[in-house]
2 protein chains.
Amino acid sequence: MPTTPDQKLWARTRQAVHAEVARTAMSLFLERGFEATTIDDIAAAAGISRRSFFRYFGTKEDIVLGDLAARGELIRKELEARPATEDAWTALLNALRHTPRPGQDDATTLQISKMLYGTPSLRARSLEKHLQWQALLTPEIRRRLGVAPDDEHDLRADAIVACVLTCLDVAGEAWTRSDGSQSLEDLVLMAVAAVRGSAADT
Amino acid sequence: MPTTPDQKLWARTRQAVHAEVARTAMSLFLERGFEATTIDDIAAAAGISRRSFFRYFGTKEDIVLGDLAARGELIRKELEARPATEDAWTALLNALRHTPRPGQDDATTLQISKMLYGTPSLRARSLEKHLQWQALLTPEIRRRLGVAPDDEHDLRADAIVACVLTCLDVAGEAWTRSDGSQSLEDLVLMAVAAVRGSAADT
DNA sequence: GCCTCTCTGGCACTGAGTGTCAAAGAGTCA
DNA sequence: TGACTCTTTGACACTCAGTGCCAGAGAGGC
């Protein structure tokens, strides 16, 4: 797409509207809750029609989780760039660690996390996004295990990727529960250690 | 509730209707697909009103996944009954193995699994049910790790339970993908082995 | 100025899920 | 048997998410 350095006016306004609607919606969500905010509310507050809203976001959940799909792609790139000396787990954890997170202040991130873990439909969608990440990351892990990237017969890579993402999720929930008092990275490492038995477990 | 040995007629008919509607709906699902079947279709085929349907099932997904909630409770009981000598992983895996599965012939189970893994809304709900199982099983695992069952500060138990369930899910998907050609139990063990590093992993 | 391409809003529609209400059957007590 | 209570039921209306269709307006190329 980046044929022209400054893109078509269309694309630029589209991007601007997208961001503006997302901003408006997020502030409504944080103010009165996700489920209590209807699409009509958002459309009215953003000054667009209901119909146009659905041209920018497929679902209400996409406003909150939309970036996650793009983030999965970034993680995949980062994973592929990890040195071949790193084993599957290390490479995955480093890829997650080194992929830039959306830049918000901690208070807002915590607020969003609480909404995410407290709203069933959002939680469900977020788990679905993790499945997408899984599909994205598994081929590279297969490669690192010495298996053909499309060998669906071997489920070891699937299991490892899925469990790393599960640990990320568990850590994220713990982080949210503790009001962000501990570093998310440490929590992820603790979860992985518990699973892999490197630390003390019965 | 079991005051009378043979329950009130109300309760019995209610149970019968519940089962009958579920049976009707499942055959419609398998025939023309989950998403292509509307609640009106089901209600009409089962000979009840649309409104009554929602008195038996909260959502369309509950027809397929309704038993899972009850099954979680059975697994919890089985887990608590495992001997104290078993470590967290062994106890969890044995509890899962020894909890009776809903008795269907393998062909039907496979068909349902394919529907489950192929329908986003069903997949999402099923992941949510796993979260419920997680909450149910974690206290007992905390106990086995020597932590207070309600100690939310320690996330090791959460991580272990979540990863075992993730392995179950990954194995279930592989089982479905391979048309049930391998034993689900073996697949689960393979997934766990891959995660815990007992087998060869880079 | 013309043609095309995209974005937009409006309208109507489907489908899930909920609240309300009046009617009918089941169970209990006298 | 009759009166009273409790549950279930169907019907209607409603909200909300999401989609298809269509006509109009603005941007960009020629």
Side-chain angles (χ1 to χ4, degrees), chain A residues 1-22 24-25 28-29 32-66 119-126 128, chain B residues 1-22 24-25 28-29 32-66 119-126 128:
Chain A
M1 312 86 151
T3 309
T4 22
D6 53 318
Q7 302 176 297
K8 300 261 168 79
L9 178 58
W10 286 336
R12 270 183 294 132
T13 37
R14 186 172 173 79
Q15 249 184 324
V17 172
H18 184 99
E20 173 60 18
V21 172
T24 309
L28 284 179
F29 291 158
R32 49 174 111 159
F34 182 80
E35 288 175 325
T37 309
T38 70
I39 309 265
D40 291 276
D41 293 339
I42 300 168
I48 61 172
S49 76
R50 191 188 136 64
R51 192 65 188 84
S52 282
F53 171 87
F54 283 109
R55 292 198 180 94
Y56 286 97
F57 300 93
T59 69
K60 204 166 76 164
E61 286 79 18
D62 279 353
I63 303 173
V64 183
L65 302 172
T119 312
S121 71
L122 273 176
R123 188 84 163 95
R125 292 275 180 174
S126 130
E128 278 187 321
Chain B
M1 311 87 153
T3 308
T4 24
D6 52 319
Q7 302 176 295
K8 301 260 167 82
L9 179 58
W10 283 337
R12 271 184 292 134
T13 38
R14 187 171 171 80
Q15 250 183 324
V17 173
H18 184 99
E20 172 60 19
V21 173
T24 309
L28 284 179
F29 290 158
R32 50 174 110 158
F34 182 80
E35 288 174 326
T37 309
T38 70
I39 307 266
D40 291 275
D41 294 339
I42 299 168
I48 61 173
S49 77
R50 191 188 137 63
R51 192 65 188 83
S52 282
F53 171 88
F54 282 110
R55 293 197 180 97
Y56 285 97
F57 301 92
T59 69
K60 204 166 75 163
E61 287 79 18
D62 278 354
I63 303 173
V64 184
L65 302 172
T119 311
S121 71
L122 273 177
R123 190 85 162 96
R125 293 273 180 174
S126 127
E128 279 187 321

TODO: Select from A:Thr38 and B:Val17 the residue whose nearest nucleotide in DNA chain D is closer to the 5' end of that strand.
DONE: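 By nearest-heavy-atom nucleotide position, the 5'-most residue is B:Val17.
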Between atom [atom1] in [X] and atom [atom2] in [N], what is the gap in whole Å?
{"X": "B:Phe53", "N": "D:dA11", "atom1": "CZ", "atom2": "P", "result": "17 Å"}
{"X": "B:Phe57", "N": "C:dT18", "atom1": "CZ", "atom2": "C1'", "result": "18 Å"}
{"X": "B:Glu35", "N": "D:dG18", "atom1": "CD", "atom2": "P", "result": "13 Å"}
{"X": "B:Glu61", "N": "C:dG15", "atom1": "CD", "atom2": "C1'", "result": "12 Å"}
{"X": "B:Arg14", "N": "C:dG25", "atom1": "CZ", "atom2": "C1'", "result": "15 Å"}
{"X": "A:Lys60", "N": "D:dC16", "atom1": "NZ", "atom2": "C1'", "result": "8 Å"}
{"X": "A:Phe54", "N": "C:dG10", "atom1": "CZ", "atom2": "P", "result": "15 Å"}
{"X": "A:His18", "N": "C:dT8", "atom1": "NE2", "atom2": "P", "result": "13 Å"}

Open item on the list: Just to verify, what does A:Asp41 make a side chain to side chain donor-acceptor pair (under 3.5 Å) with, not counting sequence neighbours?
Closed with: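 For A:Asp41 the side chain to side chain donor-acceptor pair (under 3.5 Å) partners, ignoring immediate neighbours, are A:Arg32, A:Thr38.
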Open item on the list: I'd like to know if the side chain of B:Thr119 pairs up with that of B:Glu35 as donor and acceptor (distance under 3.5 Å, no hydrogens or angles considered).
Closed with: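 There is no such pair between these side chains.
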Task: Sub-4.5 Å side-chain heavy-atom contact between B:Arg125 and B:Thr59 - done: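 The answer is yes; the side chains approach within 4.5 Å.
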TODO: Could you tell me which residues satisfy salt bridge (Lys or Arg N to Asp or Glu O under 4.0 Å) with A:Arg123, sequence neighbours excluded, listed by chain and number?
DONE: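 Listed in chain order: A:Asp169, A:Glu173.
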TODO: Would you mind telling me which of C:dA16, D:dA17, C:dG9 lies closest to the side-chain atoms of B:Arg50?
DONE: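 Nearest to the side-chain atoms of B:Arg50, counting from C-beta on, is C:dA16.
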- [ ] Tell me which nucleotide among C:dA16, D:dG18, C:dT8 gets nearest to the side chain of A:Ile39.
- [x]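 Of all the options, the side chain of A:Ile39 is nearest to D:dG18.
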TODO: Summarise how protein sits on nucleotides 21-26 of chain D as a single string, 5' to 3': B when a protein heavy atom is under 4.0 Å from the base, S for sugar-phosphate-only contact, - for no contact.
DONE: B----B
Task: From CA spacing to verdict: side-chain contact (heavy atoms from CB on, under 4.5 Å), A:Phe29, A:Ile42 - done: CA-CA 9 Å; A:Phe29 291 158; A:Ile42 300 168; 3.8 Å; yes
Open item on the list: If you compare every side-chain N and O of A:Tyr56 against the phosphate oxygens of C:dC7 (OP1, OP2), does one of them come in below 4.0 Å?
Closed with: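 False: A:Tyr56 side-chain N/O out of range (4.0 Å or more) of C:dC7 OP1/OP2.
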- [ ] Please report the C-alpha distance between B:Asp62 and B:Tyr56 in whole Å, then the side-chain angles of each, then the deciding distance to 0.1 Å, and finally whether the side-chain contact (heavy atoms from CB on, under 4.5 Å) criterion is met.
- [x] CA-CA 9 Å; B:Asp62 278 354; B:Tyr56 285 97; over 6 Å; no
Open item on the list: If we ignore hydrogens and angles and just use 3.5 Å, is the side chain of B:Thr37 paired with the main-chain N or O of B:Gly33 as donor and acceptor?
Closed with: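 Pair found, side chain donor or acceptor close to backbone of B:Gly33.
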